[in-house]
Chemist: 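Just dropping this structure here.
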There are 2 protein chains.
Amino acid sequence: MTTTPESPPSTPSGADQRRNEIVASAARLFDEFGYGNTSMQQIAIAAQMAKPTLYHYFSAKDAILFQVHEEFIDILIRQFRGRALRSTGLRDRLVGAMTDILTLMDTHRGHVRVFFEHHRELPAEQQRLIRAKRDEYEAMLVGVLEDGRARGELILDQPRLTALGIFGMCNWAYQWYSRDGALAPAEIAERFGSVVLDGLSPRGD
Amino acid sequence: MTTTPESPPSTPSGADQRRNEIVASAARLFDEFGYGNTSMQQIAIAAQMAKPTLYHYFSAKDAILFQVHEEFIDILIRQFRGRALRSTGLRDRLVGAMTDILTLMDTHRGHVRVFFEHHRELPAEQQRLIRAKRDEYEAMLVGVLEDGRARGELILDQPRLTALGIFGMCNWAYQWYSRDGALAPAEIAERFGSVVLDGLSPRGD
DNA sequence: GAAAGAATCGACCGCCTGGTCGGTTGGTTG
DNA sequence: CAACCAACCGACCAGGCGGTCGATTCTTTC
């Protein structure tokens with residue numbers, strides 16, 4: 001409190017800042033080459049330091065992997081909760097969550113791929129931790145669907161399966177989404193949302 | 001013609017049979033550990049041979065990877081075409097394709113994961129080949145949607161985006177589908193199909 | 001039974017990886 | 001100035017990897 005200068009313009013917190021730089025560099029490389037095909041050497045170079053220095057900030061390669069996972073799921077949970085507090089309607093909450101996910105394909109490409117493809121490579125303990133948060137997030141979306149059903153605004157008999165379908169539409173986008181594409185994340189979410197809510201068949205037969 | 005014994009009960013074609021055993025073993029390991037974390041040594045043991053013998057059947061590790069990719073996409077294309085010949089209705093063709101994909105999660109788990117997660121690791125030339133087939137398959141589903149629109153049976157203004165959403169729902173299942181689960185692939189496809197076609201909102205307001 | 005080729009493998013190689021060690025620098029405290 | 005500690009790194013290591021080599025066995029063909 002007395003000694004540390006509280007966030008001067010360039011160095012918000014020193015070491016933490018440096019850790020973030022490492023994770024950001026690593027995520028970028030993971031996105032391009034995959035976790036297994038990215039070496040600590042590459043990460044070190046990308047973060048502009050020597051390899052041993054990396055081990056001053058992270059105890060092992062999988063500690064970086066864990067950090068990426070946690071950042072990703074924490075963002076989603078935080079955003080979902082924020083929207084819930086603002087207590088918007090059902091459609092907003094649903095399409096909002098879809099927008100959150102799709103937006104991360106723009107802002108956190110590496111995080112996304114890592115979270116979806118490399119969670120099995122986390123050490124057992126940390127894998128449990130991440131899985132717990134992921135399940136928590138899943139439960140929140142299932143909750144939205146159940147709410148909608150209880151209010152008669154949605155018709156569905158298997159909330160979890162439906163939620164998995166919705167997640168699928170959005171999460172899968174990491175396989176094809178491009179920043180240069182014609183559609184922005186929010187537009188895609190809107191389209192997908194209307195498919196899920198209104199369906200493709202003409203209304204009124 | 002004269003010499004080769006045509007498929008006696010145990011050895012359909014000798015060397016080809018052995019190749020298939022290798023690919024099947026490899027796919028099983030890829031499913032469990034991922035491509036990069038599976039060594040040629042492990043594959044050899046699983047296929048009950050020594051490592052150098054593997055190189056009698058495949059020129060390199062990525063040749064096995066390619067074989068897995070090709071088998072997967074060839075199955076899907078063949079099944080889609082088969083259904084098209086039987087010229088069933090729109091819903092059958094759509095839900096049918098979805099069933100095809102979900103069924104592979106049961107019968108070809110390793111192929112699925114490899115196809116979705118490791119296509120970037122194929123040598124450039126083979127990657128192009130697989131991508132071409134994948135695009136072909138995608139185009140076939142887009143075609144179904146466009147047909148439906150032309151006949152007034154579907155309402156949509158972005159066939160490709162919609163197709164990507166549908167693929168997402170199904171493909172993503174490789175992340176959560178379990179053989180021990182309560183629902184069979186065909187049932188899941190039916191549910192997802194009705195979400196996409198009818199939507200979740202009550203009809204007629 | 002000789003020749004040929006398919007199928008097999010023990011031993012080996014160069015390379016790269018995650019991670020360690022021991023030591024240096026440089027700013028902050030008393 | 002002395003002590004301290006965070007930050008940093010050149011050099012090194014054991015281990016595992018994909019892949020090769022040379023030689024051996026088995027099977028088929030004439």
Side-chain angles (χ1 to χ4, degrees), chain A residues 1-6 8 10-23 25-26 29-30 32-68 114 118 120-124 126, chain B residues 1-8 10-23 25-26 29-30 32-68 114 118 120-123 126:
Chain A
M1 213 41 116
T2 48
T3 50
T4 324
E6 272 304 296
S10 55
T11 33
S13 76
D16 284 353
Q17 169 86 351
R18 208 92 173 83
R19 278 178 64 98
N20 287 341
E21 284 169 21
I22 293 170
V23 172
S25 299
L29 292 166
F30 293 162
E32 189 170 351
F33 304 109
Y35 175 68
N37 299 324
T38 302
S39 70
M40 289 297 268
Q41 184 67 246
Q42 284 177 271
I43 297 172
I45 291 170
Q48 287 178 288
M49 62 182 67
K51 193 174 58 156
T53 307
L54 231 38
Y55 287 85
H56 180 72
Y57 294 97
F58 292 94
S59 63
K61 195 186 180 188
D62 54 44
I64 301 177
L65 185 66
F66 175 71
Q67 181 83 1
V68 173
V114 161
H118 298 295
R120 296 176 195 78
E121 302 185 43
L122 284 171
Q126 307 186 347
Chain B
M1 227 15 134
T2 47
T3 51
T4 324
E6 271 305 296
S7 51
S10 56
T11 33
S13 76
D16 283 353
Q17 170 87 349
R18 207 92 175 85
R19 277 178 64 99
N20 287 341
E21 285 170 20
I22 293 170
V23 173
S25 299
L29 291 166
F30 294 162
E32 188 169 352
F33 304 110
Y35 175 68
N37 299 324
T38 302
S39 69
M40 289 298 268
Q41 183 68 247
Q42 284 176 272
I43 298 173
I45 291 170
Q48 288 178 288
M49 61 182 68
K51 194 174 60 157
T53 307
L54 230 39
Y55 288 85
H56 179 71
Y57 294 96
F58 291 95
S59 64
K61 195 187 181 187
D62 54 45
I64 301 178
L65 185 67
F66 175 70
Q67 181 83 3
V68 173
V114 161
H118 299 295
R120 297 177 195 76
E121 303 185 42
L122 284 170
Q126 306 186 346

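A note on names: the letters A, B, ... follow the listed sequences, proteins ahead of strands, and every chain is numbered from 1.
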Chemist: Can you name the side chain to side chain donor-acceptor pair (under 3.5 Å) partners of A:E121, sequence neighbours left out?
Modeler: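 In terms of side chain to side chain donor-acceptor pair (under 3.5 Å), with neighbours along the sequence ignored, A:E121 is linked to A:H118.
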
Chemist: Take atom CD1 of A:I64 and atom C1' of C:dG18, then tell me their distance rounded to the nearest Å.
Modeler: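 Distance, rounded to whole Å: 11 Å.
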
Chemist: Whole Å only: how far is the CZ atom of B:R19 from the P atom of C:dA7?
Modeler: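 In whole Å, C:dA7 P and B:R19 CZ are 11 Å from each other.
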
Chemist: Can you tell me how far C1' of C:dT8 sits from CD of B:Q48, to the nearest Å?
Modeler: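 Atom-to-atom, B:Q48 to C:dT8, this comes out as 14 Å.
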
Chemist: Write down the distance between CD1 (A:I22) and P (D:dC8), rounded to a whole number of angstrom.
Modeler: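 Value for this atom pair: 8 Å.
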
Chemist: Can you list the residues that meet the side chain to side chain contact (heavy atoms under 4.5 Å, CB included) rule with A:E32, with sequence neighbours excluded?
Modeler: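 With sequence neighbours excluded, A:E32 shows a side chain to side chain contact (heavy atoms under 4.5 Å, CB included) to no residue whatsoever.
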
Chemist: Is the distance from OP1 or OP2 of C:dC9 to the nearest side-chain N or O of B:T53 less than 4.0 Å?
Modeler: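 Result: yes.
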
Chemist: Nearest whole Å is fine: how far is C:dG19 C1' from A:I43 CD1?
Modeler: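 Distance check: A:I43 CD1 to C:dG19 C1' gives 13 Å.
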
Chemist: Please encode protein proximity along nucleotides 12-24 of chain D as a string of B, S and -, counting only heavy-atom distances under 4.0 Å.
Modeler: -----SBBBB---

Chemist: Output all residues satisfying ring-ring contact (aromatic ring centres under 6.0 Å, His included) with B:F30, sequence neighbours left out; order by chain, then residue number.
Modeler: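 Listed in chain order: B:Y35.
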
Chemist: Whether A:H56 contacts D:dA7 is assessed here as follows: a side-chain N or O lying under 4.0 Å from the phosphate OP1 or OP2. Is that the case?
Modeler: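 For D:dA7, OP1 or OP2 has a side-chain N or O of A:H56 closer than 4.0 Å.
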
Chemist: Output the rounded distance in Å from CZ (A:R18) to P (D:dA7).
Modeler: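 About 10 Å, once rounded to whole Å.
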
Chemist: In whole Å, I'd like the distance from the CZ atom of A:F33 to the C1' atom of C:dT17.
Modeler: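 From A:F33 CZ to C:dT17 C1': 16 Å.
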
Chemist: Which residues pass the side chain to side chain contact (heavy atoms under 4.5 Å, CB included) test with B:Q67, sequence neighbours left out?
Modeler: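 Side chain to side chain contact (heavy atoms under 4.5 Å, CB included) list for B:Q67, sorted by chain: B:R19, B:V23, B:F58, B:E71.
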
Chemist: Round to the nearest Å and state the distance from A:L54 atom CG to C:dT17 atom C1'.
Modeler: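 That distance rounds to 14 Å.
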
Chemist: I need the minimum non-hydrogen distance between B:N37 and B:Q42, along with the two atoms involved.
Modeler: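 Answer, listing the atom of B:N37 first, then B:Q42: O-OE1, 3.4 Å.
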
Chemist: What residues form a side chain to side chain contact (heavy atoms under 4.5 Å, CB included) with A:P52, not counting sequence neighbours?
Modeler: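 Residues passing side chain to side chain contact (heavy atoms under 4.5 Å, CB included) with A:P52: A:A50.
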
